[in-house]
J.: 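I have a structure I would like to understand better, so I am pasting it below and will then ask my questions one at a time.
Here the structure is a predicted model, which is why all the values come from computation and not from measurement.
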Amino acid sequence: MAKSNKPIVWGPFAAGGTLTAFLTPVLILLTLLAALGHAPDLLAYDRMHAFASHWLVKLAIVGVVFLSLWSAAHRLRITCYDLGVRADTLVATIVYAIAVAASVAAAAYLLLI
Amino acid sequence: MAEQMSRKPYVRAIGREWLTRHPRYLRYLLRELSCLFIGGWTLMMVWGLARLAQGPEAWAAFLEALRSPASVVLQVLALAFTVYHGVTWFNLTPKALPLQLGEGFVAERAIAGAHYAVWGLLSLLVLFLAGAF
């Protein structure tokens, strides 16, 4: 039987797409408010540090980061193909590697908090 | 071992001329380009985690960097693109999750509408919990 790794690649993409549809707009709104000088209370150092200190929050942040980056990476890969870039294996390797590396980095930074 | 077969499959070259053939192709590309903003903003937040781990001064510097004009423009664009991603995603939910009830199917507008309602409530909840009001 033919084996395919498509479900493994596509599953996190669909999960990430749903997550970024529900959650990312309001998260960007939070940083945009901070950028416009109306920083939400949570972004104060003490609050944010305490928030990110809980192991469950750390786990949630790594999950959100990984799924967001993976779905973005997958879309970028497909878009490159649509725009005529035929080196799919190379593109896929680069974008997925960036997504995984940044997620690992996020986990490492969280362990320092 | 599909990769080691000796035949040479024909690979049709595809340029970019399809983009302008119909407005929906351009909208499709815009939707797909939302990934650059979602990915870019998420990488920015990973950088923020690094700064948070470094201490109060580094975190303050990160928040200050968020306020630069270029960053504000990027975040406004990112917000617009993620909202567009959300709208296209939720409009697809009736196709992805058709719900049968007895003999018939639940109306497409009800399925998409439920997603929009959850989206709105969740966003308000996050804003409230983060102390944005």
Side-chain angles (χ1 to χ4, degrees), chain A residues 2 14 16-18 20-49 51-52 61 64-65 68-69 71-79 81-84 86 95 98-99 102-103 105-113, chain B residues 2 11 13-16 18-19 28-29 31-46 48-56 59-60 63 66-68 71-72 75-76 78-79 82-83 85-90 96 115 118-119 122-127 129-133:
Chain A
T18 307
T20 52
F22 276 120
L23 201 60
T24 307
V26 71
L27 293 183
I28 294 180
L29 191 58
L30 290 181
T31 61
L32 185 59
L33 282 172
L36 296 175
H38 303 279
D41 300 341
L42 178 66
L43 293 187
Y45 177 77
D46 294 338
R47 284 279 311 271
M48 194 63 197
H49 194 270
F51 180 66
I61 292 177
V64 170
V65 165
S68 303
L69 288 178
S71 72
H74 186 69
R75 266 203 166 156
L76 190 57
R77 171 192 177 190
I78 303 301
T79 307
Y81 193 84
D82 285 344
L83 291 178
R86 282 294 176 264
V95 293
I98 291 174
S103 305
Y109 295 139
L110 281 164
L111 286 179
L112 294 174
I113 292 173
Chain B
V11 179
I14 292 188
R16 295 170 187 86
W18 59 269
L19 267 176
Y28 163 78
L29 186 72
R31 186 195 77 184
E32 296 300 277
L33 287 182
S34 68
C35 73
L36 291 178
F37 292 93
I38 293 173
W41 180 86
T42 308
L43 289 177
M44 249 168 69
M45 293 306 112
V46 173
L49 287 176
R51 303 299 272 164
L52 183 67
Q54 285 167 5
W59 178 250
L63 288 185
L66 279 184
R67 300 185 65 161
S68 77
S71 154
V72 171
Q75 288 179 81
V76 169
L79 183 61
T82 45
V83 168
H85 160 66
V87 168
T88 55
W89 195 268
F90 294 134
H115 281 86
V118 171
W119 186 20
L122 188 73
S123 300
L124 284 175
L125 183 71
V126 170
L127 285 174
L129 289 178
F133 296 120

J.: Report which part of B:Phe37 has an atom under 4.5 Å of a heavy atom belonging to chain A: side chain, backbone, both, or neither.
T.: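 Nothing of B:Phe37, per the 4.5 Å heavy-atom cut-off to chain A.
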J.: What part of A:Asp82 lies closer than 4.5 angstrom to a heavy atom of chain B: side chain, backbone, both or neither?
T.: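 A:Asp82 touches chain B through backbone and side-chain heavy atoms alike.
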J.: CG/A:Leu33 to CZ/B:Phe133 distance, rounded to the nearest 0.5 angstrom?
T.: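 The distance works out to 9.5 Å.
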J.: Does any heavy atom of chain A fall under 4.5 Å from the side chain of B:Phe90, the backbone, both, or neither of them?
T.: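 The answer is the side chain of B:Phe90.
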J.: Which atoms of A:Thr18 come close to chain B, meaning under 4.5 Å heavy atom to heavy atom: side chain ones, backbone ones, both, or neither?
T.: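 For A:Thr18, heavy atoms of backbone and side chain both lie under 4.5 Å from chain B.
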J.: In terms of heavy-atom proximity below 4.5 Å to chain B, should A:Ala108 be classed as side chain, backbone, both, or neither?
T.: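 No part of A:Ala108 comes within 4.5 Å of chain B.
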J.: Counting only heavy atoms closer than 4.5 Å, note whether A:His38 contacts chain B via side chain, backbone, both or neither.
T.: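 No part of A:His38 comes within 4.5 Å of chain B.
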J.: Can you tell me which portion of B:Arg51 sits under 4.5 Å from chain A's heavy atoms? Options are side chain, backbone, both or neither.
T.: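 It is neither, since no heavy atom gets under 4.5 Å.
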J.: Quick one: which of B:Met45, B:Arg16, B:His85 has the most heavy-atom pairs under 4.5 Å with chain A, could you say?
T.: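 Ranked by contacts with chain A, first place is B:His85.
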J.: Give me the atom names and distance for the closest heavy-atom approach of B:Cys35 to A:Arg75.
T.: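 Minimum heavy-atom separation between B:Cys35 and A:Arg75: CB-CB, 3.6 Å.
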J.: What part of B:Trp119 lies closer than 4.5 angstrom to a heavy atom of chain A: side chain, backbone, both or neither?
T.: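 Answer is both: backbone and side chain atoms of B:Trp119 are under 4.5 Å from chain A.
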J.: Sort A:Ile78 into side chain, backbone, both or neither according to what part of it lies under 4.5 angstrom from a heavy atom of chain B.
T.: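 Interface part for A:Ile78: side chain.
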J.: For B:Met44, is it the side chain, the backbone, both, or neither that has a heavy atom closer than 4.5 Å to a heavy atom of chain A?
T.: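 When you check distances to chain A, no heavy atom of B:Met44 falls under 4.5 Å.
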J.: Measure distances from B:Val76 to the heavy atoms of chain A and classify the residue's part below 4.5 Å as side chain, backbone, both or neither.
T.: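 Contact with chain A involves both backbone and side-chain atoms of B:Val76.
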J.: Which region of B:Ser68, side chain (C-beta onward) or backbone (N, CA, C, O), has a non-hydrogen atom less than 4.5 Å from a non-hydrogen atom of chain A, or is it both or neither?
T.: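 Neither the backbone nor the side chain of B:Ser68 comes within 4.5 Å of chain A.
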J.: Does CZ in A:Phe22 sit with more than 12 non-hydrogen atoms of other residues, nucleotides or ligands closer than 6.0 Å?
T.: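 Yes - once you tally the heavy atoms of other residues, nucleotides and ligands closer than 6.0 Å, there are more than 12.
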J.: Minimum heavy-atom separation for A:Leu29 to B:Leu79, with atom names?
T.: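 Smallest heavy-atom distance, with atoms named: CD1-CD2, 4.0 Å.
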